[in-house]
Amino acid sequence: MKSTNPEATSVETYFENKYEIVSGKLTEEEELYKENILDHYKNPHNKRKISHCTFNHKDFNPLCGDEITLFIKTEQGKIVDASFEGNGCAISQASASLLTDHLKKISLEQAKKLGPWDIFNLLGIRISHTRSKCALLCLKTLQEGIKEAKL
Amino acid sequence: MNSAHFPLLEKNKSLVYLDSGATSQKPAVVIKAMNDFYLNYNANVHRGIYTISEEATIAYEKAHEVVAKFIGAELEEIIFTRGTTESLNFLAVALGKKLKVGDEIVLSEMEHHSNIVPWQQIAKVTGAVLKYIPITSDYRLNMSEAKKIITNKTKIVSIVHMSNVLGTINPVKELAQMAHKVGAVIIVDAAQSVPHLKINVKDLDSDFLVFSGHKMCGPTGIGVLYGKKELLQKMEPFQFGGGMIQEVTFEHSTWTELPWKFEAGTPMIAEAIGLMAAVEYLQSIGMENIEKHTSDLTQYALGKLSAIPELTIVGPTETKDRGAVISFTLNEIHPHDVGEVLNRKGIAVRVGHHCTMPLHKLLKLNGTVRSSFYLYNTKEDVDKLVRGILETKKIFRAEKITKK
C-alpha cells in the first residue's frame, strides 16, 4: 500500500493537510466491498458496551450520519478491553470492528500513535477521499477520547 | 431528451447523471454566453461610459428582465443574489427586524436547512417562535394542521414549493391565501420547482420567491430573490456599498431605485449572463415539455423502483403534485454503500440527509439515496439505476459470509 506522511497520526491533521490518499479510479466493487469488510460489517466484533470502562467517547460523521461510541478499558497502561456501539455505512462499521480487535492487542501508548494509514492497512483496501471520513471515524473517536480522558 | 446540448454528458456517454436536484449540467449555450462575456465585453456594470461597459450593463440588466418575464414578474422585482440560501438569509434578516417577542414564523417539517437555520437565528435574537406544519403519512403537508398553525400571531410563512427529498409539490397558492388572511407575508422556496415547472408569481400570489441558477442549467454563484414591488420599496437594503446608492455624504446616504438598491458591490455579471442564457435555453425547449418529460420519467421510475423488493420510496408514490426527485432506502444497506456501488457503475446519485436532517430524524432515517431527473435523462438511465440497485443488493446479500 502506498504510504504518505507516516507522522500524520491525528485524523484532524490528516484532513487539514489534505494528503493525497488514493489516486486513480476504483472500478471493481470487490476492491472495497470484499468479503473481509462485509464480514466485519454484518458480524461486527466487539459491538457491545463495556460498563466499567476507563473511558468512552462518541463521535459523528455529520456528512453521512455515521456514529460510533468507543469503549476502552485499560489496566496499568495495557488495553484489556475495547468495544464499540453505533451505526453507519459498511466502511465505518467495519473499521470500528477491526480497530477494536487491534486495540486489544496493543498498549495505550501504542494506541496513541495509531494513524490513518494503520486503519487503511487494517481494512486492506483502497479508500477514496470522501469515504476516508467514514473509515477514519473510529480513529478520530479514539483520539478525541484519549485527549478528553487526559490519558 | 436533449443530452446532446450538454457537453459534459456528450463527453461522458457512460455517465448516468441522476443528481440534478443538487445541481444541473450546463448546456453549451450557457457556457458560451459566459465565455463570450469574458472574451469580448468583460467590464464592470453601471459605471463606465465606454462601449464594453455599456454592453455589459445592457446584458446584466437584460438578464433581470429575462428572469422577470420567466416567472411573471417585473424587472424591478428581481434581485440577483448568490443563490437560494443567500436569498433566504437576506429575507430572514430584513423581515426579522420587524419581529417582536411572541410573533410566529411558520415553516414546514420538510424544509431544507437553508429555510430553517436562518429563521432559528432570527428567532433567537427577536424572541419570535418557530412553528412547523407537519407532514402526513403520505408525505404531504397536513393542510388541516396548517389552518390551525397559521394564526394572527403569524408574521412570516416560509415554505418549500417542491421538497428536495420527498418530491412533494406543496399547495403554496393556498398557503399564500392563508398567510394573507392573517396579514402575514409568504416566502416560497422554489429552488427545486423553478427548473421544472412553469411558475407565475402573480398566480401564486407569493410575496417573495427564491431560487438558484445552477439547478436550472445556469451557473453556480447566482440566485434570485423575487419580491413584490410594493414590499421591496418599503424594505431597507440587505447590504450597503457601491452600486446601491443615490447620494452619499460623510454623514448620510440615500438609496437608488429597485432592484439595484438591493445589489451592493460589483455583481456576478458573467453568472447573470449565464443565467439569462439558461432561461432562454429552457424557454426554447418549453417549460411544459420539460415538465412533461420529467414527469413521465418520474412515473416510469416510480413503477420500476417500487417493484424492487426491500426498496422503500420516501415520498409520494403517485405523480400528481410530485416532482422529479425520488428518494429511497434499500432495507438496511447504508445509503453511502448504495451510492458507492452505483458510482462504480457510473451512476451519480446523492446520498445522505440532503440538508434535511430534521425531516430524516422525523422519519427515523439516517439517510436516503436520492435520484433526481432533468430534461437530459432518459428511461435508459432509470433502467441502469434499477440494474445498479439490484447489483448492490447482490453484493450485500448473496455473498457467502464465513462466520468467525
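Below, read A as the first sequence line, B as the second, and so on, with proteins coming before strands; counting in each chain starts at 1.
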What residues of residues 89-107 of chain A sit under 4.5 Å from chain B when only non-hydrogen atoms are counted?
Cys89(A), Ala90(A), Ile91(A)
Hey, what's the ring geometry for His353(B) with His113(B), parallel, tilted or perpendicular (30° and 60° as the breaks)?
tilted
Heavy-atom side-chain contact between Ile116(B) and Tyr132(B) under 4.5 Å
yes
Among Thr220(B), Ile222(B), Thr84(B), find the residue that satisfies the side-chain contact (heavy atoms from CB on, under 4.5 Å) test when tested with His214(B).
Thr220(B)
If you measure only the distance, is there a donor-acceptor pair under 3.5 Å linking the side chains of Trp119(B) and Asn115(B)?
yes
A side-chain contact here means heavy atoms from C-beta on lying under 4.5 Å apart; do Tyr41(A) and Phe396(B) qualify?
yes
His360(B): which residues meet the ring pair (Phe, Tyr, Trp, His ring centres under 6.0 Å) condition with it, sequence neighbours left out?
His354(B)
